[in-house]
Amino acid sequence: MHDYPKAARLLKPAHFRAAYDGGERLACHLFVAFARRRGDLDPARFGFTCPRALGKAHDRNRIKRRLRECVRLRRDRFPAGLDLVFNPRKSLLGAAWEEIERQVEKLLDRLSPCESSSLPS
RNA sequence: GUCCUUCUUCGGGCAAUCGCUGGAAUUUUUUCAGAGGAAAGUCCGGUCUCCGUGGGGCGCUGUGCCGGCUAACGGCCGGGCUGGACUGCUCAAAGCGGUUUGGACGGAAAGUGCCACAGAAAAUAUACCGCUUGUCUGCCACUGGCGGAGAAGUAAGGGUGAAAAGGUGCGGUAAGAGCGCACCGCGGGGCGAGUAAUCGCACCUGGCAGGGAAAACCCCACAGGGAGCAAGGCCAAAUAGGGGAGCAGAGGCGGCCCGUCUCGAUAGGACUCCCGGGUAGGCUGCUGGAGCGGUGCAGUAAUGUGCCGCCUAGAGGAAUGAUUGCCUACGGUGAGGCGGAAGCUGAGCCGUGACAGAAACCGGCUUACGAGGAGAAGGACGUAA
RNA sequence: GCGGGAGUAACUCAGUGGUAGAGUCUCAGCCUUCCAAGCUGUUGGUCGCGAGUUCGAUUCUCGUCUCCCGCU
């Protein structure tokens, strides 16, 4: 269950705006994640942003693909009913694969207690 | 054979696992395809789409030696003229030629304006120093010399500047001067070659009038309607708003309409239905084309064309990837081996593999691009004949 | 994807063919018991970068880099 269908993605600008406005901000030195509960039990959905300030198109593609792949391999471990938007930082371009994995694992640890507490729905 | 320079071209390969986008089968899993030479900058030109559009002029923008190619171009090809570098002929210079590399290369005798500083003078030339000849005059002196003042002539010499108004020589002159002459240069004409730009001439003519700059304004010739796939077309939720219809008319005067009178209803409202515009969103435009690869023919070439073969990304918060292993190229380190030494070879390990990511589509230009492989041209050295 | 605009001193801006300027800032002096204000002087520039035109370029032309804005 490591696939990445369209149902597991944020596809509209409105989805992204909702995550920014009503979500919780979780930061590390490689990226910033915005997490928002939708209130249903569908699988978590993910979105990745890559503005022009991060570099040229080639580098932005690389940043997005590496981070997306790392999240995709752990997709089933994210809580259901969650919308997540990732804003990568420029340092992610030169980061080692193991370092990205470590930061995503840390994000998962921080999300787990949220499951019992009350996130804005 | 080695090395160097320039140009062209290729732009690491294979496999496993987990994935993404599109197509086709089918039905739930298979199978096929999936970044570039610049996909970039958006600097030009087109295709396509919508809007505008009687004709002409002004204005604006662009282009600018000539000819050709092209759908078109500010692109490409060929030619001319011209600057630089190297080089051959030559004792050397000039001149002529070769190779290579550049040139926004129409017009400055259409007009307006500009040329700082320096310099006498910077574009209808000009007289600062100087040179020459008269005039007046001072001193020495006595057919002369040295001065001063002012007048006229002069562009040879001086210095300034990026640039000083044809050059050299001879004649000429008071001194000079295209003032005259010869040669060179320049303008105009003629003849010849060439489609033309332009070139040639032992031809005629003009004493020469024409400094630079048009990437100053400008003049001339030619070209250009505007916007751009976020163009444009189709479908169309919710909410708000717009238009229409229905829900309330009946009776009198009168042949009927308008009008007017009486009664009823209250309505700038609520409800029902319909219509069009249109937002979110969806579909389309969307990829088979000035296409690619061979090969023949025409042409110096750019290019055109005949025949054969091929189908080669279509996303849309945006796919074409991630991880690992092996190979490969290069760099570093370097066990070990060869060697007297210099050095050569080299297991293993580590690192690196450029510039860079399609967004409607083509043709150009410009810019970015590490190492290495292949090819072509030129040069140097060595060896052999 | 498409269309516009700007780069000059540490900062904000003038200048638009002829030795590159103003204000603030820096530093020093005067003034004041001291500080501020004021006055005087002073430091600081590859005019974003690279070519070209010109005798001469910040200015004109071309290329290039960076930044900003608009269309949704």
Side-chain angles (χ1 to χ4, degrees):
Chain A
M1 146 106 195
H2 293 308
D3 59 335
Y4 186 59
K6 282 194 177 177
R9 298 184 223 169
L10 301 176
L11 295 172
K12 295 294 162 195
H15 300 156
F16 283 79
R17 203 157 312 282
Y20 289 136
D21 294 343
E24 188 182 346
R25 189 169 183 278
L26 305 158
C28 72
H29 72 279
L30 289 180
F31 54 83
V32 180
F34 292 87
R36 172 182 165 272
R37 280 208 171 268
R38 294 193 308 273
D40 55 35
L41 290 177
D42 291 334
R45 298 190 300 183
F46 306 91
F48 301 87
T49 65
C50 247
R52 217 177 121 65
L54 287 177
K56 298 199 169 190
H58 172 258
D59 295 333
R60 280 184 280 139
N61 274 342
R62 182 155 211 84
I63 287 170
K64 188 192 271 188
R65 283 165 179 166
R66 275 154 65 88
L67 182 60
R68 186 184 60 204
E69 187 71 7
C70 195
V71 170
R72 180 182 69 81
L73 293 170
R74 292 160 179 75
R75 192 166 76 82
D76 51 341
R77 294 169 53 195
F78 281 88
L82 204 63
D83 278 353
L84 268 168
V85 174
F86 290 86
N87 286 16
R89 297 185 197 273
K90 206 164 185 177
S91 59
L92 201 145
L93 181 61
W97 176 247
E98 294 77 26
E99 179 62 18
I100 302 173
E101 284 183 314
R102 199 174 313 130
Q103 294 301 328
V104 172
E105 290 291 341
K106 272 173 71 179
L107 177 72
L108 274 167
D109 291 344
R110 291 175 66 180
L111 281 171
S112 300
C114 296
E115 216 164 355
S116 53
S117 71
S118 60
L119 266 170
S121 53

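To find a chain, count down the sequence lines: A is the first, B the second, and so on, and within it residues start at 1. Values below: all heavy atoms of this structure, side chains included; hydrogens, waters and symmetry mates excluded.
Ionic pairing of A:Asp3 and A:Arg75 is present here: one or more N-O contacts between side-chain nitrogen and carboxylate oxygen are shorter than 4.0 angstrom.
Using the Watson-Crick or G-U wobble rule with both distances under 3.5 Å, B:G211 pairs with B:C115. Using Watson-Crick or G-U wobble geometry with both donor-acceptor distances under 3.5 Å, B:U300 finds no partner in any strand shown. For B:A322, the paired nucleotide is B:U17, the pair qualifying as Watson-Crick or G-U wobble because both relevant distances are below 3.5 Å. Within the shown strands, nothing qualifies as a pairing partner of B:A371 under the Watson-Crick or G-U definition with both distances less than 3.5 Å. For B:C69, the paired nucleotide is B:G75, the pair qualifying as Watson-Crick or G-U wobble because both relevant distances are below 3.5 Å. If you check C:C13 for Watson-Crick or wobble pairing at under 3.5 angstrom, you find it paired to C:G21. Shown here, B:G228 forms a base pair with B:C48; the pair counts as Watson-Crick or G-U wobble because both key distances fall under 3.5 Å. With a 3.5 Å ceiling on both atom-pair distances, the Watson-Crick or G-U wobble partner of B:U352 is B:A329.
Rounded to whole Å, the separation between the C1' atoms of B:C4 and B:U324 comes to 43 Å. Straight-line distance between the C1' atoms of B:A71 and B:C48: roughly 13 Å, to the nearest whole Å. Between B:U320 and B:A315, the distance separating the two P atoms is 14 Å to the nearest Å. Distance noted for atom C1' between B:G11 and B:A35: 14 Å (whole Å). Comparing the P positions of C:G50 and B:U90 gives a spacing of 48 Å, expressed to the nearest Å. The C1' atoms of B:A202 and B:C191 are separated by 14 Å, rounded to the nearest whole Å. Between B:C117 and C:C55, the distance separating the two C1' atoms is 12 Å to the nearest Å. Nucleotides B:U312 and B:G289, compared at atom C1', are 11 Å apart to the nearest Å.
Each of A:Arg66 and A:Thr49 was matched to the nucleotide of RNA chain B holding its nearest heavy atom; the match closer to the 5' end belongs to A:Thr49. Judged by closest nucleotide on RNA chain B, A:Arg68 is the one of A:Arg68 and A:His58 placed further toward the 5' end.
Where stacking is scored as ring centres under 5.5 Å apart with planes under 30°, A:Tyr4 does not register as stacked on the base of B:G19.
Considering only side-chain N and O atoms, A:Lys12 lies under 4.0 angstrom from the phosphate OP1 or OP2 of B:G282. Checking the phosphate oxygens (OP1, OP2) of B:A319, no side-chain nitrogen or oxygen of A:Arg65 falls inside 4.0 Å. Regarding contacts with the backbone of B:G357, every side-chain N or O of A:Lys64 stays at 4.0 angstrom or more from both OP1 and OP2. For the pair A:Arg62 and B:U320, the criterion of a side-chain N or O lying under 4.0 Å from OP1 or OP2 is not met.
When hydrophobic residues (I, L, V, M, F, W, Y) are linked wherever their side-chain heavy atoms come within less than 4.5 Å, the members clustered with A:Leu10 are A:Phe16, A:Tyr20, A:Val32, A:Phe34, A:Val85.
When side chains are defined from C-beta on, A:Phe31 does not count as touching A:Thr49, because their heavy atoms never get closer than 4.5 Å.
Closest to the A:Glu69 side chain, of the nucleotides B:U21, B:G321, B:C20, is B:G321. With B:A318, B:G357, B:G316 as the choices, the nucleotide that has an atom nearest any side-chain atom of A:Asn61 turns out to be B:G357.
At least one donor-acceptor pair under 3.5 Å links the side chain of A:Arg74 to the backbone N or O of A:Cys70.
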